[in-house]
Asker: 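Please find one structure pasted underneath; my questions will follow.
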There are 2 protein chains.
Amino acid sequence: MPVRSTDQILHKAAWLYYTHGLRQDEVAQHLNISRASVATYLRRARETGIVNISTSTQLFADDVLARELEDALGLAAVWIVPEDRHAMDPTAEMPVVAAAVFLELINKGDRVGVAWGRTVYHLADVMPYADLQGVTVVQLCGNLGAPYSYRPDQCTTEIARRLNAEGINVYAPLVLSSEQLADALRNEPVIREQLATISDCQLALYSVGGIEDDSHLVKCGALTAAEMHALGETGAAGVIAGQIIDAEGQWLDCAHNRRCISADLGSIRAIAKRMMVVQEDSKFEPLVAAIKGGFASHLVVTTSMARRLLDRWNSEDGNRRTA
Amino acid sequence: MPVRSTDQILHKAAWLYYTHGLRQDEVAQHLNISRASVATYLRRARETGIVNISTSTQLFADDVLARELEDALGLAAVWIVPEDRHAMDPTAEMPVVAAAVFLELINKGDRVGVAWGRTVYHLADVMPYADLQGVTVVQLCGNLGAPYSYRPDQCTTEIARRLNAEGINVYAPLVLSSEQLADALRNEPVIREQLATISDCQLALYSVGGIEDDSHLVKCGALTAAEMHALGETGAAGVIAGQIIDAEGQWLDCAHNRRCISADLGSIRAIAKRMMVVQEDSKFEPLVAAIKGGFASHLVVTTSMARRLLDRWNSEDGNRRTA
DNA sequence: CGCAATATTTGACTTTTGTCAAACCTCGTG
DNA sequence: CACGAGGTTTGACAAAAGTCAAATATTGCG
């Protein structure tokens with residue numbers, strides 16, 4: 001009855017059980033331990049990503065609506081999460097689907113950028129464990145305290161931890177009090193180099209922020225409700241990685257953006273797979289702006305949001321034709 | 001109680017059970033079917049690759065010996081399969097490990113080349129099911145009847161089927177009766193194009209063949225024992241994808257090779273990940289030749305084989321130093 | 001070196017899952 | 001339209017897996 005603390009034994013148990021298909025008591029015999037221990041080891045092996053159990057997200061991708069959206073908006077792939085789901089907690093479903101899709105989109109050796117928002121937080125919370133050594137998770141924007149469970153850096157770290165990947169954080173605040181300071185900090189070698197690597201990412205993960213008085217940026221204290229309101233008047237339409245974009249998805253030249261330390265929008269657009277997840281129906285206009293701005297190649301949305309998007313694009317097509 | 005034959009229901013059951021962690025009876029309730037059906041669906045979902053359960057092959061890679069081999073022979077990665085394995089069928093272990101390693105090495109969208117041999121057959125037999133749509137499995141050599149379970153094309157097909165990948169077969173015999181005919185066939189557009197795509201592969205899978213009287217090529221009737229014996233006299237050391245190589249791993253200019261329709265050895269060397277699996281201890285010299293010829297970047301071998309390889313390389317190093 | 005705090009392992013019990021023959025649908029065919 | 005082959009679904013039972021408090025080992029520290 002040897003007592004080893006290494007996780008060598010986790011690997012052995014997992015291998016015999018999952019790959020060879022032995023029963024737990026058989027595994028116990030092989031390893032000279034009790035069956036109860038085997039059960040514990042197997043749970044740990046699953047939790048640490050030694051064993052990976054993944055379900056295809058096909059279910060959410062093979063909807064006619066999804067195909068239509070891809071064609072109409074020119075997206076690489078769309079996943080549609082139905083709202084009803086047979087009395088299953090509806091708000092909980094989206095991040096779960098998104099997490100699974102995210103995992104499917106990651107390739108070995110990839111560098112992935114992760115932004116910030118309530119959606120991303122929830123996603124991190126339900127992210128399955130996996131063994132993605134060689135993957136790097138980089139933070140797309142500066143840091144800020146949040147009224148939710150994680151700060152941006154904690155969020156990156158948590159995702160990296162669950163994936164057994166390397167996490168790289170941005171050691172700077174998201175918003176500074178003056179443009180000068182923001183400029184100076186952006187030019188600090190550590191920060192500059194880090195932001196420069198963002199366009200090397202193969203995959204980005206984010207949601208789009210709204211510009212209402214109760215939007216995320218306001219709740220986190222980056223902007224006051226009044227400031228946000230004013231921005232709305234001057235063309236703000238949504239938020240990408242902490243930065244304000246206009247209705248066409250372009251960077252808005254405003255005080256907030258100039259004081260912001262985050263990934264250059266051009267760098268984000270340069271990322272091959274840009275995965276956008278949108279939960280709330282209220283984010284329709286911001287989402288339209290983000291899509292026009294080229295911030296989404298892979299989209300995860302609800303059925304109703306998908307319908308609205310399709311309607312909008314069809315009507316714009318109609319307008320263009322009649323014009 | 002609807003009766004749907006689609007596998008939509010497989011996806012739903014798998015999603016609720018594996019991703020949401022519901023119990024089988026809860027899933028049954030959600031889907032309005034009996035729990036027994038759920039159990040059946042889940043099995044089918046696993047068998048068709050909708051659900052993927054994979055165990056890290058780390059266990060076989062984190063051996064000191066493996067590290068030493070990588071360093072000494074300049075290989076990218078080595079997996080070592082212990083021979084004893086606690087009364088577990090030893091010959092059965094290698095293909096299982098190899099199959100898992102193979103799966104880990106495949107990336108989405110890859111093109112993988114699969115060669116031919118008893119080892120590869122067994123590997124196909126134990127290949128887990130997976131959902132690798134977008135992957136293409138191409139056959140590296142021509143066809144030939146075999147005394148084992150599969151022909152080369154069946155083997156490619158079987159692997160592709162289990163992986164839900166696309167399989168591409170070579171519609172030509174491995175060996176022809178005359179060099180003229182082989183030349184003519186090699187220049188047929190269909191065949192030529194197919195062989196030309198081999199260097200586009202990201203991953204190759206093969207073993208190395210021996211040159212004894214009872215070697216694979218002889219058993220399959222491609223060569224007589226006498227011919228093989230004669231080839232041994234003129235420098236043959238092993239077999240790669242049906243073709244004879246010499247002790248340095250170079251293409252041997254012989255009648256058999258000239259009559260052979262298979263991947264150009266240069267194309268094979270051009271593949272980034274060249275995964276070689278060797279089961280039998282008797283294949284030591286062929287393996288040495290194959291490694292010298294640059295046919296392995298990723299190696300799966302037994303402990304004893306690993307030791308012998310290391311000894312050989314160390315002694316050659318010694319010779320070089322003393323010379 | 002002893003002792004407490006912490007982590008691991010186990011046996012006994014409960015819950016969950018796998019299995020299989022029988023019942024039941026479905027669809028093509030005579 | 002009745003029949004039967006081929007498939008799916010189910011209920012009931014057997015087998016396997018999960019759980020947890022108690023026991024045992026390990027570690028850190030005075």
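Fair warning: this is a prediction, and the values are worked out from it, not measured in the lab.
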Asker: Side chain of A:S37 only, heavy atoms from C-beta on: which candidate in C:dG18, D:dG18, C:dT9 is closest?
Answerer: C:dT9

Asker: In whole angstrom, what separates B:D25's CG from C:dG18's C1'?
Answerer: 14 Å

Asker: Does the plane of the ring in B:H20 sit parallel, tilted or perpendicular to the ring in B:W15? Use 30° and 60° as the thresholds.
Answerer: perpendicular

Asker: Roughly, in whole Å, what's the span from OH in B:Y41 to C1' in C:dG18?
Answerer: 16 Å

Asker: So, B:K12 side chain and B:L31 main chain: donor-acceptor pair closer than 3.5 Å or not?
Answerer: no

Asker: Answer with yes or no whether B:R23 presents, from its side chain, a donor or acceptor under 3.5 Å of a partner atom in the base of D:dG18.
Answerer: no

Asker: B:L31 has an atom CG; how far is it from atom C1' of D:dT10, in whole Å?
Answerer: 15 Å

Asker: Starting from the 5' end of DNA chain D, give me the residue, A:Q24 or B:A36, whose nearest nucleotide shows up first.
Answerer: B:A36

Asker: Tell me the interatomic distance from A:I53, atom CD1, to D:dA17, atom P, rounded to whole angstroms.
Answerer: 13 Å

Asker: Would you say B:Y17 reaches C:dT17's phosphate, i.e. side-chain N/O to OP1/OP2 under 4.0 Å?
Answerer: yes

Asker: A:N32 CG to D:dA25 C1': how many Å, rounded?
Answerer: 17 Å

Asker: Check whether the side chains of A:Q139 and A:N169 place a donor and an acceptor atom closer than 3.5 Å, and report yes or no.
Answerer: yes

Asker: When the distance from CD1 of B:I33 to C1' of C:dC24 is rounded to whole Å, what number comes out?
Answerer: 16 Å

Asker: I want to verify a distance call: between D:dT10, D:dA12, D:dT8, whose nearest atom is closest to the B:R35 side chain?
Answerer: D:dA12

Asker: Roughly, in whole Å, what's the span from CG in A:L42 to P in C:dT9?
Answerer: 13 Å

Asker: Is the shortest distance from a Lys or Arg side-chain nitrogen in A:E47 or A:R44 to a carboxylate oxygen in the other one below 4.0 Å?
Answerer: no

